[in-house]
Amino acid sequence: MRLLEITSIQRGCVYDGHGVRTTIFLKGCPFSCPWCCNPETQKGSGDFFVDNGRCLRLTGISSPLCDGCERNGGQRPLSSCPVGVCTPTTLTAMDVRKLAQEVLQDKSLFISSGGGITLSGGEPLLQAKELIPFLDIIRQEGVSIAMETTLYDKGMDRVKLLLPFIDEWIVDLKLQKENYREDYLGIMRRNLEILRASAKDICFRLVYVESLKVDEALTALASLEVNTLELIKCHGLSQSKYQKLGMDFKDYTPSEEAYQKFLEALNANNIKTTQLSV
Ligand code: SF4
Ligand code: SF4
């Protein structure tokens with residue numbers, strides 16, 4: 001049975017699709033948005049959060065536990081720290097049956113709230129093939145499946161592969177210049193055509209950062225025929241994750257004034273917007 005690369009599993013989520021959901025965060029992403037709130041999903045497996053605040057040596061405590069540690073001039077890698085300075089960003093390899101067993105413990109809550117499982121990340125499309133046996137089990141249990149995705153799949157094969165399993169598509173739009181990839185709008189239009197033809201539930205999401213120009217956003221939204229949007233004001237709550245991953249952090253939280261102007265422009269152009277505070 002294939003293993004999935006997962007960074008975390010969160011129960012009781014209410015912003016990741018209809019009802020109450022358990023969200024599974026998968027590793028890997030074709031983008032590297034500098035304001036990403038899950039930067040641990042961007043890197044490959046085998047990386048660690050390093051919490052220097054827990055390091056005995058750095059806090060001036062002398063301990064035999066540190067004998068042999070590379071930070072103490074020894075050979076033992078930091079990742080083997082006995083006091084937990086390093087934590088892997090990937091959950092212990094979990095086969096799909098164990099994963100299904102874990103997420104299905106809230107099945108009755110999913111059914112009563114109209115919720116289910118949500119795949120997020122990172123970009124779940126990158127593990128499309130590996131996800132199939134897991135999605136098969138969830139389907140057989142009659143639990144709804146949502147996926148938060150950039151939908152950036154050049155070959156369209158991953159979208160087509162997952163299409164029969166996903167009931168609700170949450171499309172995370174990347175309209176900022178910092179995000180653009182080759183033929184972004186073309187790829188999105190082709191994949192959206194597939195989703196729309198399938199009559200699946202689709203909703204669009206956009207994280208607002210101040211560098212996003214109103215005109216560019218409106219043109220892109222028109223080109224993708226998007227007229228309803230969940231808008232998220234960017235925040236800097238993930239700063240500590242960046243520090244623990246040794247990545248540069250910049251706070252992209254926009255001013256309230258710029259955010260409100262953007263919101264007004266969307267309303268003035270008949271784009272129905274719901275504000276999400278996540
Ligand atoms: S073993 Fe190394 S990383 Fe862990 S507390 Fe000691 S010096 Fe720090
Ligand atoms: S697409 Fe999402 S997960 Fe990927 S880097 Fe951007 S914000 Fe992070």
Side-chain angles (χ1 to χ4, degrees), residues 5-8 10 15-16 23-44 47-90 118-127 147-153 158 169-181 184 187-188 191 204-209 211-212 230-239 241-242 244-253 276 278:
E5 282 205 70
I6 293 166
T7 58
S8 62
Q10 280 176 20
Y15 292 116
D16 294 335
T23 302
I24 302 167
F25 294 86
L26 292 129
K27 269 262 191 203
C29 188
F31 293 88
S32 43
C33 313
W35 49 83
C36 178
C37 59
N38 297 318
E40 72 279 16
T41 62
Q42 293 177 18
K43 295 192 170 189
D47 59 335
F48 293 86
F49 285 120
V50 178
D51 185 355
N52 285 325
R54 293 178 69 95
C55 177
L56 300 175
R57 187 167 189 274
L58 292 183
T59 42
I61 298 169
S62 172
S63 165
L65 289 173
C66 300
D67 291 349
C69 172
E70 61 175 291
R71 205 168 249 182
N72 219 6
Q75 300 289 320
R76 196 178 70 218
L78 213 59
S79 54
S80 303
C81 168
V83 297
V85 163
C86 286
T87 321
T89 59
T90 309
T118 299
L119 306 171
S120 184
E123 174 50 76
L125 285 173
L126 295 185
Q127 295 189 60
M147 182 162 88
E148 185 176 3
T149 172
T150 62
L151 211 61
Y152 188 75
D153 174 19
R158 292 176 171 151
W169 292 75
I170 304 166
V171 181
D172 189 9
L173 297 170
K174 301 286 156 204
L175 306 184
Q176 297 85 343
K177 266 196 179 151
E178 300 93 315
N179 273 146
Y180 260 50
R181 290 286 180 279
Y184 173 81
I187 291 167
M188 293 296 284
N191 284 320
F204 295 93
R205 226 169 233 196
L206 178 67
V207 174
Y208 175 71
V209 294
S211 56
L212 177 57
E230 290 180 347
L231 190 64
I232 300 171
K233 186 179 173 186
C234 189
H235 58 70
L237 299 177
S238 303
Q239 182 169 7
K241 286 190 188 177
Y242 280 79
K244 288 178 187 171
L245 290 165
M247 293 168 75
D248 290 336
F249 172 80
K250 187 177 161 200
D251 192 347
Y252 282 87
T253 308
L276 285 193
V278 291

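Predicted model only: the values in this text are computed from it and were never measured. In listed order, ligands and their atoms are each counted from 1.
Heavy-atom proximity to R76, at under 4.0 Å, picks out these atoms of ligand 1: 1 (S). Taking every heavy atom of R57 and a limit of under 4.0 angstrom, the matching atoms of ligand 1 come to 7 (S). For ligand 1, the atoms sitting less than 4.0 Å from at least one non-hydrogen atom of L78 are 3 (S), numbered in the order shown with element in parentheses. Taking a cut-off of under 4.0 Å to the non-hydrogen atoms of K174, the atoms of ligand 2 that pass are 1 (S), 2 (Fe), 6 (Fe), 7 (S). Short contacts between ligand 2 and T150, defined as distances under 4.0 Å to a heavy atom of the residue, involve ligand atoms 1 (S). Taking a cut-off of under 4.0 Å to the non-hydrogen atoms of G122, the atoms of ligand 2 that pass are 3 (S).
Across Y242 and P34, no two heavy atoms sit closer than the pair OH-O, 3.3 Å. When all heavy atoms of T7 and T41 are compared, the closest pair comes out as OG1-CG2, 3.7 Å. Nearest heavy-atom pair across R76 and L65 is NH2-O, 2.9 Å.
Using a non-hydrogen distance threshold of 4.0 Å, V83 registers as a contact of ligand 1. Under the 4.0 angstrom criterion for non-hydrogen atoms, P82 is in contact with ligand 1.
Here C69 meets the criterion, with an N, O or S atom under 2.8 Å of atom 2 (Fe) of ligand 1. Coordination check, C36 versus atom 8 (Fe) of ligand 2: passed, since an N/O/S atom of the residue sits under 2.8 Å.
In this structure, Y184 and Y152 have parallel ring planes: the angle between them is below the 30° cut-off, well short of the 60° mark.
Under 4.0 Å from ligand 2, not a single heavy atom of P30 appears. With a 4.0 Å cut-off on non-hydrogen atoms, C29 touches ligand 2 through its side chain and not its backbone. Contacts between E123 and ligand 2 below 4.0 angstrom, taking non-hydrogen atoms only, are absent altogether.
Among protein heavy atoms, atom 6 (Fe) of ligand 1 sits closest to C66 SG, 2.3 Å. Of the protein's non-hydrogen atoms, C55 SG, 2.4 Å is the one closest to atom 8 (Fe) of ligand 1. The closest protein non-hydrogen atom to atom 4 (Fe) of ligand 1 is C81 SG, 2.4 Å. Looking at atom 5 (S) of ligand 1, its nearest protein heavy atom turns out to be L56 N, 3.2 Å.
Between L245 and D47 the shortest side-chain heavy-atom distance falls below 4.5 Å.
Residues N52 and R71 bring a donor and an acceptor atom of their side chains to less than 3.5 Å of each other. In this structure, a donor-acceptor pair under 3.5 Å is present between the side chains of T150 and E123.
In this structure, D248 places its CG atom where only 12 or fewer heavy-atom neighbours from other residues, nucleotides or ligands lie under 6.0 Å away.
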Kindly determine whether C36 and Q42 satisfy side-chain contact (heavy atoms from CB on, under 4.5 Å), including the steps that lead there. CA-CA 9 Å; C36 178; Q42 293 177 18; 3.2 Å; yes
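When K27, E40, E5 are each tested for a side chain to side chain donor-acceptor pair (under 3.5 Å) with T89, only one passes: K27.
Panel note: side chain S238, backbone C37; a donor-acceptor pair is recorded below 3.5 Å.
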